[in-house]
There are 2 protein chains.
Amino acid sequence: MKEVEKRLEDNGVRPTAMRILIYRYMAEKEVALALTDIENAFAKADRTTLYRTLRTFEENGIVHQIDDGTNISKYALCEPGCNCELDQDLHLHFHCTNCDETVCLTQQKIPHINLPEGYIAEDANLVIKGICEKCSGQ
Amino acid sequence: MKEVEKRLEDNGVRPTAMRILIYRYMAEKEVALALTDIENAFAKADRTTLYRTLRTFEENGIVHQIDDGTNISKYALCEPGCNCELDQDLHLHFHCTNCDETVCLTQQKIPHINLPEGYIAEDANLVIKGICEKCSGQ
DNA sequence: TCAATAATTGCACTTCCGTTGCATCGGTTG
DNA sequence: CAACCGATGCAACGGAAGTGCAATTATTGA
Ligand SMILES: [Mn+2]
Ligand SMILES: [Mn+2]
Ligand SMILES: [Zn+2]
Ligand SMILES: [Zn+2]
């Protein structure tokens, strides 16, 4: 159970009670979570604390932020060994238009794109919208 | 000069003075525009009118909405013959982190992605971030 | 033509999410 | 214990999207 604490410390984040709870909650859920989702799960905690916790996590490579096209930022735990900050883990994301959940498809990498002359790519974001496996009844 | 009016009428949108002006403005600019951009260009017009004009345009296949990751919706005129509403024109978009402009790369289509079992794709959004041709000095 | 009708526009207001400033709390250190 | 510093809580702000309704303008058809 000290695993979470170690993960935080290894990434230079002090493992406070709140942070451990948030980390565990995100690990338990298998989908990307919005600040509001976490807020609802921790009613007693202040919104700002959760907000800053997510930012701290993101700055230290513990979570990555996901823009799934809903205009609500989502967050998901990084896979161990994922170097988001180096833009080396450009997996795609899937947003289900039925259940409104967003998941990381960490195995599916964004294919290389040939850009027109003069354009320099530094980052990429690919979101597929549709029906997720749970909702497709498959 | 009746071209714009015809384009609007052909798409079932009544060509009011305001709409023609907005269409011309979007055609003149070669980049995707946010509501605020248009608002600044038409100071005398009400924001709601511009907002609803863009929505009307989008609902009738005159513009398409672009989510470039800035959490601000952008809009760009559809190419003639682009069937956005049928998700058949999945070109990618480029967002320059230097000048903050977003452009359609209508020639670059989003490659087909093989999804895991059970996932059904209906739409896709691919945004490349980096330096645009104007800013790269190329 | 002109009244009736429908669509468009303008104004005020609300909601939602993200963000910040500042005071307070609490643990760590010397 | 005292001092310090990071974490947390409270309050407020700002931008962007969206809505209700009244006023205005365009269209219809008697
Ligand atoms: Mn992810
Ligand atoms: Mn486009
Ligand atoms: Zn689903
Ligand atoms: Zn640029």
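Here the structure is a predicted model, which means the values were calculated and not measured. A note on names: the letters A, B, ... follow the listed sequences, proteins ahead of strands, and every chain is numbered from 1. Side chains are part of it too, since the values below use all heavy atoms of this structure and drop only hydrogens, waters and symmetry mates.
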Can you tell me the distance, in whole Å, between the CD1 atom of A/Ile20 and the P atom of C/dG27? 13 Å
In degrees, rounded to 10°, what is the bend between the two ends of the helix from C/dT1-D/dA30 to C/dG30-D/dC1, using five pairs at each? 10°
Give, ordered by number, those residues of residues 26-39 of chain B having at least one heavy-atom distance below 4.0 Å to an atom of DNA chain D; if nothing qualifies, reply none. B/Leu35, B/Thr36
Separation of A/Glu59 atom CD from D/dA7 atom P, in whole Å? 11 Å
Does atom CD of B/Glu59 have more than 12 heavy-atom neighbours from other groups under 6.0 Å away? yes
Test for a donor-acceptor pair under 3.5 Å between the base of D/dG9 and the side chain of A/Arg52, counting only N and O atoms. yes
Counting any heavy atom closer than 4.0 Å, what does A/Arg19 reach on the DNA or RNA strands: base, sugar-phosphate only, or nothing? sugar-phosphate
Nearest-Å distance, CG (A/Leu50) to P (D/dC10)? 12 Å
Check the side chains of A/His93 and A/His91 for a donor-acceptor pair under 3.5 angstrom, ignoring hydrogens and angles. yes
Please tell me if A/Thr16 has a side-chain N or O lying less than 4.0 Å from either OP1 or OP2 of D/dA7. no
Need to verify one output field. Residue with the more 5' nearest nucleotide on DNA chain C, B/Thr49 or B/Asn71? B/Thr49
Can you sort out which residues in residues 40-48 of chain B have a heavy atom within less than 4.0 Å of DNA chain D? Ascending by number, please. B/Arg47, B/Thr48
So with a 6.0 Å cut-off around CD of A/Gln107, is the heavy-atom count from everything else above 12? no
For the CD1 atom of B/Ile131 and the OG atom of B/Ser136, what is their distance to the nearest 0.5 Å? 8.0 Å
CD/A/Glu9: more than 12 non-hydrogen atoms of other groups inside 6.0 Å: yes
Under 4.0 Å between a side-chain nitrogen and a carboxylate oxygen: does that hold for A/Glu39 and A/Arg47? yes
Is any side-chain nitrogen or oxygen of A/Tyr51 closer than 4.0 Å to OP1 or OP2 of C/dT19? yes
Let me see the working for B/His64 and B/Ile66 under side chain to side chain contact (heavy atoms under 4.5 Å, CB included), right down to the final yes or no. CA-CA 6 Å; B/His64 59 281; B/Ile66 301 166; 3.7 Å; yes
Counting the atoms with a prime plus P, OP1 and OP2 as sugar-phosphate, which does A/Arg14 contact under 4.0 Å by heavy atoms, base, sugar-phosphate, or nothing? sugar-phosphate
Roughly how many Å is it from CG in A/Leu54 to P in C/dG18, rounded to a whole number? 10 Å
